[in-house]
Amino acid sequence: MTTETTRTTPTPAPATRAADLRAIAEVVATVERTQRAKDPEGFLALFHPDALWTTAHGKVLIGLDAIAEFTRAVLPAATWDGDVTYEAVHTQFLRPDVAAVKVRQVYHSPAGDTEGAPLYVMTRQDDDGRWLLHACQNTEVRTG
């Protein structure tokens with residue numbers, strides 16, 4: 001379930017906001033699809049050229065070139081026993097063209113589920129209206 005909050009800017013028309021929420025949810029769904037398929041190029045297409053990405057283990061990647069180098073080296077060789085799901089659980093519009101998106105990431109495996117709690121700051125592009133990942137932190141959830 002996706003929730004949203006707006007604080008500092010005028011609220012766009014409900015149809016516009018609904019379309020933005022759908023587009024943001026589709027980006028999150030595409031992250032899931034590209035991770036499952038181990039598709040680095042599909043994953044990289046979701047990023048703004050000036051993006052920042054911090055991995056679940058704290059590796060900081062600045063700019064699309066650094067994100068691409070890491071992703072192309074790691075994603076195709078990634079191994080996991082099971083599936084991964086991603087869900088946008090909260091979207092807060094910081095401006096009409098900037099959204100903070102809290103994601104629930106679950107790795108389902110025979111040994112049990114583990115979770116991540118990514119935060120994606122996404123920006124809507126002026127030229128084509130696409131939402132792109134701009135500043136992201138992928139955080140592992142530890143239990144116990």
Side-chain angles (χ1 to χ4, degrees), residues 1-9 12 15-144:
M1 178 176 129
T2 300
T3 59
E4 66 157 310
T5 306
T6 303
R7 295 181 191 229
T8 60
T9 58
T16 301
R17 183 51 52 90
D20 285 336
L21 287 169
R22 284 190 303 274
I24 288 166
E26 182 54 35
V27 171
V28 174
T30 303
V31 169
E32 176 181 306
R33 282 192 303 273
T34 59
Q35 293 293 304
R36 285 179 169 200
K38 300 180 184 180
D39 174 10
E41 301 315 311
F43 180 67
L44 293 169
L46 302 172
F47 284 88
H48 187 278
D50 296 326
L52 309 172
W53 181 268
T54 303
T55 71
H57 300 288
K59 184 170 183 68
V60 177
L61 306 167
I62 299 173
L64 186 54
D65 289 344
I67 296 166
E69 180 181 355
F70 177 83
T71 300
R72 289 177 181 133
V74 173
L75 186 56
T79 58
W80 56 79
D81 186 19
D83 271 332
V84 62
T85 58
Y86 291 73
E87 177 188 10
V89 293
H90 180 79
T91 299
Q92 181 168 325
F93 289 91
L94 307 176
R95 294 187 338 205
D97 61 342
V98 179
V101 182
K102 195 63 187 163
V103 175
R104 181 170 186 247
Q105 173 190 58
V106 181
Y107 288 94
H108 306 278
S109 78
D113 293 352
T114 57
E115 286 196 37
L119 175 63
Y120 300 160
V121 176
M122 299 176 66
T123 54
R124 186 177 60 222
Q125 307 313 292
D126 289 335
D127 58 343
D128 61 8
R130 287 183 313 140
W131 283 90
L132 295 177
L133 302 170
H134 208 126
C136 305
Q137 170 80 39
N138 191 5
T139 304
E140 178 182 5
V141 175
R142 295 186 181 206
T143 58

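For clarity, every value in this text was computed on a predicted model and none was experimentally measured.
- Val74 meets the side chain to side chain contact (heavy atoms under 4.5 Å, CB included) test with Phe70; sequence neighbours excluded.
- For the side-chain hydrogen bond (donor to acceptor under 3.5 Å, both in side chains) condition, the pairs that include at least one residue of residues 122-135, sequence neighbours left out, are Asp20-Arg124, Asp20-Trp131, Thr123-Gln125, Thr123-His134, Asp128-Arg130.
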Show, in sequence, the C-alpha distance, side-chain angles and deciding distance for Tyr120 and Val31, and conclude whether the side-chain contact (heavy atoms from CB on, under 4.5 Å) test is met.
CA-CA 11 Å; Tyr120 300 160; Val31 169; 3.7 Å; yes
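- Residue-environment remark: CD (Glu115) exceeds the threshold of 12 foreign heavy atoms within 6.0 Å.
- One distance of note links CD1 of Ile24 with CG of Leu132; it measures 11.0 Å at 0.5 Å rounding.
- Among pairs with a residue in residues 42-67, none fulfils salt bridge (Lys or Arg N to Asp or Glu O under 4.0 Å), at least two apart in sequence or across chains.
- Across all non-hydrogen atoms, the minimal contact from Val101 to Ala88 is CG1-CB, 3.9 Å.
- Residues Pro76 and Thr71 approach most closely at CD-O, 3.4 Å, considering heavy atoms.
- Under the 4.5 Å side-chain criterion, counting only non-hydrogen atoms from C-beta, Leu75 is in contact with Gln35.
- In plain terms, the two heavy atoms of Val84 and Glu32 that are nearest each other are O-CG, 3.6 Å.
- Residue Leu133 holds its CG atom at 11.5 Å from CG of Leu52, rounded to the nearest 0.5 Å.
- Contact detail for Ile62 and Ala66: the closest heavy-atom pair is O-CB, 3.5 Å.
- For Ala29, the side chain to side chain contact (heavy atoms under 4.5 Å, CB included) partners at least two apart in sequence or on another chain are Glu26, Arg33.
- The ring-ring contact (aromatic ring centres under 6.0 Å, His included) test applied to Phe43 returns Phe47, Trp53, not counting sequence neighbours.
- Distance CD1/Ile67 to SG/Cys136: 7.5 Å, rounded to 0.5 Å.
- Listed by first then second residue, pairs satisfying side-chain hydrogen bond (donor to acceptor under 3.5 Å, both in side chains) with a partner in residues 36-46 read Glu41-Arg72, not counting sequence neighbours.
- Listed by chain and number, the residues in a side chain to side chain contact (heavy atoms under 4.5 Å, CB included) with Ala100 are Leu94, Leu119 (sequence neighbours excluded).
- Looking at residues two or more places apart in sequence or on another chain, you find no side chain to side chain donor-acceptor pair (under 3.5 Å) involving Ser109.
- For Gln105, the side chain to side chain donor-acceptor pair (under 3.5 Å) partners are Tyr86, not counting sequence neighbours.
- Residues satisfying the side chain to side chain donor-acceptor pair (under 3.5 Å) test with Asp83, not counting sequence neighbours, are none.
- Partners of Ala56 according to the side chain to side chain contact (heavy atoms under 4.5 Å, CB included) rule, which considers only residues two or more places apart in sequence or in another chain, are Asn138, Glu140.
- In terms of the side chain to side chain donor-acceptor pair (under 3.5 Å) criterion, Gln137 has no residue partners (sequence neighbours excluded).
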